[in-house]
Amino acid sequence: MSKIKLNRKKRSTDQLFFHGMLFLPVLFLFIYHFLPIPAGILMSFENFQPGKGFFGSKFVGFDNFKKLFLLPDTLPALRNTLIIAIEKIACNIVIPVGFALLLNEVRVKLLKRTVQTVTYLPYFLSWVILSGILIKFLSPGSAATSPGLFNTILLKLGIIKEAVYFLGTNSTFRQTMVVSDVWKNFGYNTIVYLAALTGIDPTLYEASAVDGAGRWKQTVHITIPGIAPFIILMTVLAIGNVLSAGFDQIFNMYNPAVYETGDIIDTLVYRLGLVNKQFSLSAAVGLLKSIVSCILVLTSYKLADKFAGYRVW
Amino acid sequence: MEMKIKKSKGRILFEVINFIIIAFLTISCLVPIINILAYSFSSSQAIIENRVSIIPQDFTLQAYKYVLSNARFWTSMKVTVLRVVFGVIVNVIMIMLVAYPLSKPDHKFHARKYYVAFMLCVMLFSGGMMPTYFIVSKTGLIDTLASLILPGAVPVFSCIVLMNFFRGVPEELEESALLDGANQFQVLSKIYLPISKPSIATVTLFALINHWNSWFDGLIYSNHTENYPMQSYLQTLVTSTSFSLEDMDVDRMLDMMNVNETNMQSAMIFISIIPLMLIYPFLQKYFTTGLTVGSVKG
């Protein structure tokens with residue numbers, strides 16, 4: 001009897017201990033991640049003025065949302081976000097999968113390792129640093145400065161006749177964003193697929209070799225089906241990010257000349273809020289984005305659980 | 001099973017093409033970075049004449065001397081070092097505090113599901129930029145070091161990584177310790193933490209890189225540029241789009257007019273990469289552990 005009692009007592013002190021551990025983290029999350037949610041909802045329905053606070057500002061109903069749809073920047077930003085995000089999702093799957101397959105054919109261990117070490121270096125650098133690098137690398141030059149290395153190479157090879165302003169031309173900006181994003185991330189993404197490749201049962205290859213299957217047939221019938229679940233999982237999880245086209249990257253590389261093709265929802269939220277000081281309008285855009293993203297992420301988690309048995313918690 | 005068959009012609013052709021593609025992609029990752037390195041060691045004259053590609057021309061340390069003699073660079077470096085040291089400590093403690101209780105099954109920690117629901121809620125739904133800004137401002141954090149640490153004190157994804165690792169720890173270890181009269185604190189510090197060193201190393205490295213690389217919080221939560229961490233300062237130098245609540249264009253104009261703009265910025269960019277290079281070997285060792293957030297049912 002006493003042992004059970006002791007056990008019960010222990011159980012309840014354990015519970016207290018667990019609650020105690022979670023107190024500080026939950027407090028920080030509550031203040032800085034949870035409170036902004038109701039604050040954002042409040043702001044979206046009022047004409048928020050910092051001096052009057054969340055509860056003193058005037059309630060305006062759906063005015064901000066109406067204004068939002070009359071704003072000439074809203075639709076282009078939504079369109080650009082979707083185009084850039086979807087292109088990035090596709091390229092960030094196809095290229096790393098392809099690269100992993102090619103790298104898997106390399107039998108020299110040292111070469112394989114060196115290639116991996118080098119290709120995931122850009123992943124760890126911030127977009128501020130990479131923008132600093134790429135702005136110079138892609139520069140078309142001006143009266144005072146010479147063109148960057150990329151334009152110089154293209155000019156020397158005769159691929160282009162005059163320097164291209166990749167970051168300042170509407171027809172090239174989005175592609176530049178997609179390519180530079182793939183450039184930053186493909187080395188890192190490749191690792192997921194390489195890990196998946198090593199998980200494929202080697203006896204399958206041996207058996208098919210006995211049956212006379214060549215490399216190509218093995219790739220098509222064993223390797224690709226073997227990593228298909230990972231490809232599906234990564235695709236599904238990426239769907240949740242379709243409204244985030246990469247704020248850090250675009251904010252650091254765009255300029256007013258390419259707002260037409262480069263402005264995305266997140267950069268619009270920034271400009272509305274911190275530059276134009278239309279706090280409520282900015283909060284309203286943020287709220288809409290958050291609602292849609294939340295639905296997309298939940299859907300993607302459901303699908304990931306269904307197709308790949310993947311669970312976050 | 002040794003393959004004695006000679007490589008076919010097709011196979012050799014494939015291997016050559018494969019090597020070329022891999023070499024091309026690998027080099028493409030390095031060229032822009034080496035290009036910046038070359039700029040940073042070249043004279044302004046060589047840069048203006050477009051003589052610099054991947055090898056420094058008229059080798060000089062002038063750009064580095066300029067950056068290292070700049071008081072603003074050192075101010076921003078100080079902020080960065082402080083935020084990295086305190087930020088990482090706070091992050092790692094918070095990650096452990098969350099991961100341990102939430103790694104317990106529901107029958108051992110009855111309220112677990114409510115905490116998980118809360119975590120999921122803040123993970124899925126974001127208040128957005130402006131509301132967060134005003135909350136940070138209301139809690140009096142503007143222009144303090146705490147504004148760079150407290151809003152991101154609990155990295156939820158890293159919590160999940162460590163939680164999943166804790167879940168893999170055999171239950172018998174805990175049970176026998178509890179039978180011997182150990183309390184939960186001892187179980188955590190004597191059993192769980194020692195065996196999860198690799199996972200803790202992973203989340204620590206993630207926290208470190210995150211703090212070193214963060215620039216946006218510094219930009220919007222600081223009214224005075226002397227509170228900028230290095231990445232925020234760098235951001236105002238290398239891009240043309242930045243905007244801060246305070247007008248700082250005078251400073252920027254002075255920096256922009258500097259004749260050594262290209263090599264000076266390149267030197268600064270390279271200096272900010274060095275610490276990452278130093279921890280790179282550790283990154284390689286540990287970061288793959290953190291790749292898979294969540295778990296796949298067997």
Side-chain angles (χ1 to χ4, degrees), chain A residues 14-15 17-18 21-22 24-25 28-29 31-37 39-40 43 102-103 105 115 117-119 121-122 124-126 128-129 131-137 146 149 187 191-192 206 251-252 254-255 269-270 273-275 279 282-283 286-287 290 294 297 308-313, chain B residues 1 18 21-22 25-26 29-30 32-33 35-36 48 50 53 94 97-98 100-101 109-110 115-116 118 122 124-132 134-135 139 150-151 153-154 160 184 209 213 215 220 231 234-235 238-241 243 262 265 269 272-273 276 283-284 288 291 294-297:
Chain A
D14 282 1
Q15 302 295 313
F17 184 75
F18 293 150
M21 282 184 89
L22 284 160
L24 264 185
F28 285 133
L29 284 176
I31 297 174
Y32 295 111
H33 291 261
F34 183 77
L35 278 186
I37 299 172
M43 280 173 79
L102 292 181
L103 210 51
E105 295 296 323
V115 167
T117 306
V118 171
T119 51
L121 175 67
F124 293 107
L125 305 179
S126 74
V128 167
I129 291 177
S131 302
I133 292 174
L134 290 174
I135 287 170
K136 287 184 183 40
F137 186 67
S146 52
L149 186 57
I191 295 180
V192 181
E206 284 161 21
F251 181 74
N252 284 318
Y254 83 157
N255 54 66
V269 168
Y270 173 86
L274 284 168
V275 182
F279 304 119
S282 173
L287 180 68
S290 207
C294 183
V297 172
Y310 173 91
R311 283 221 170 137
V312 174
W313 287 95
Chain B
M1 197 171 77
N18 191 19
I21 295 173
I22 290 174
L25 285 172
T26 309
C29 280
L30 278 183
I33 297 168
N35 181 220
I36 282 291
I48 292 167
N50 201 15
S53 54
M94 292 299 150
L97 289 178
V98 172
Y100 185 66
F109 181 31
H110 311 307
Y115 284 106
V116 167
F118 174 74
V122 294
L124 289 178
F125 208 83
S126 132
M129 193 183 293
M130 289 324 296
T132 310
F134 284 112
I135 297 286
T139 48
L150 296 186
V154 191
I160 301 176
Q184 284 292 341
I209 290 176
N213 278 343
W215 55 276
I220 67 170
Q231 296 271 345
L234 199 59
Q235 203 272 345
V238 299
T239 71
S240 50
T241 54
F243 173 83
T262 303
Q265 288 181 8
I269 288 172
S272 69
I273 297 179
L276 289 175
L283 282 177
Q284 269 186 290
T288 35
L291 262 179
S295 57
V296 177
K297 290 180 289 199

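Note that the structure is predicted; figures quoted are calculated from it, not measured. Naming: A, B, ... by sequence-line order, numbering from 1 per chain.
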Under a 4.5 Å heavy-atom cutoff, which of A/Leu29, A/Leu125, A/Val115, A/Val297 has the most pairs with chain B? A/Leu29
Quick one: does B/Ile36's side chain get under 4.5 Å of B/Ile273's, heavy atoms only? no
Measure B/Phe125 against the heavy atoms of chain A and call it side chain, backbone, both or neither at under 4.5 Å. both
Identify which part of A/Phe34 has an atom lying under 4.5 Å from any heavy atom of chain B, answering side chain, backbone, both or neither. both
Contact class of B/Tyr115 relative to chain A, heavy atoms under 4.5 angstrom: side chain
Parallel, tilted or perpendicular: which one describes the rings of A/Phe28 and A/Tyr32, with boundaries at 30° and 60°? parallel
Out of A/Ser290, A/Ala39, A/Gly286, which one racks up the most heavy-atom pairs below 4.5 Å with chain B? A/Ser290
Nearest-0.5 Å distance that lies between atom CD1 in A/Ile31 and atom OG1 in B/Thr132: 13.0 Å
Restricting to non-hydrogen atoms, name the atom on A/Gly40 and the atom on B/Pro131 that form the minimum distance, rounded to 0.1 Å. CA-CG, 3.4 Å
So, taking the atom named CD in B/Gln231 and the one named OG in A/Ser126, what distance separates them when rounded to the nearest 0.5 Å? 3.5 Å
Interface residue of largest heavy-atom contact number with chain A, from B/Cys29, B/Ser53, B/Ser126, B/Ala153, under 4.5 Å: B/Cys29
Tell me which of these, B/Leu234, B/Val122, B/Ile21, has more heavy-atom pairs under 4.5 Å with chain A than the rest. B/Val122
Atom OG1 of B/Thr262 and atom CD1 of A/Ile135: how far apart are they, to the nearest 0.5 Å? 11.5 Å
Report the distance from atom CD1 of A/Ile129 to atom CZ of A/Phe124, rounding to the nearest 0.5 Å. 13.0 Å
Under a 4.5 Å heavy-atom cut-off, does chain A meet the side chain of B/Leu276, its backbone, both or neither? side chain
With a 4.5 angstrom heavy-atom cut-off, could you sort out which part of B/Leu25 is near chain A: side chain, backbone, both or neither? both
Region of A/Pro25 in contact with chain B, defined by heavy-atom distances below 4.5 Å: both
How far apart are the C-alpha atoms of A/Phe18 and B/Tyr100, what are their side-chain angles, what is the distance that settles it, and do they pass the side-chain contact (heavy atoms from CB on, under 4.5 Å) test? CA-CA 8 Å; A/Phe18 293 150; B/Tyr100 185 66; 3.7 Å; yes
Applying a strict 4.5 Å limit to non-hydrogen atoms, the region of B/Ile22 in contact with chain A is both
Top residue by heavy-atom pair count (under 4.5 Å) with chain B, among A/Val269, A/Leu121, A/Leu103? A/Leu121
Mark yes or no for whether B/Gln265, through its side chain, and A/Gly132, through its backbone, hold a donor-acceptor pair below 3.5 Å. no
Under 4.5 Å heavy-atom distance to chain B, tell me which part of A/Phe279 shows up: side chain, backbone, both or neither. both
Counting heavy-atom pairs under 4.5 angstrom with chain A, the leader among B/Ile33, B/Leu150, B/Leu30 is B/Leu150
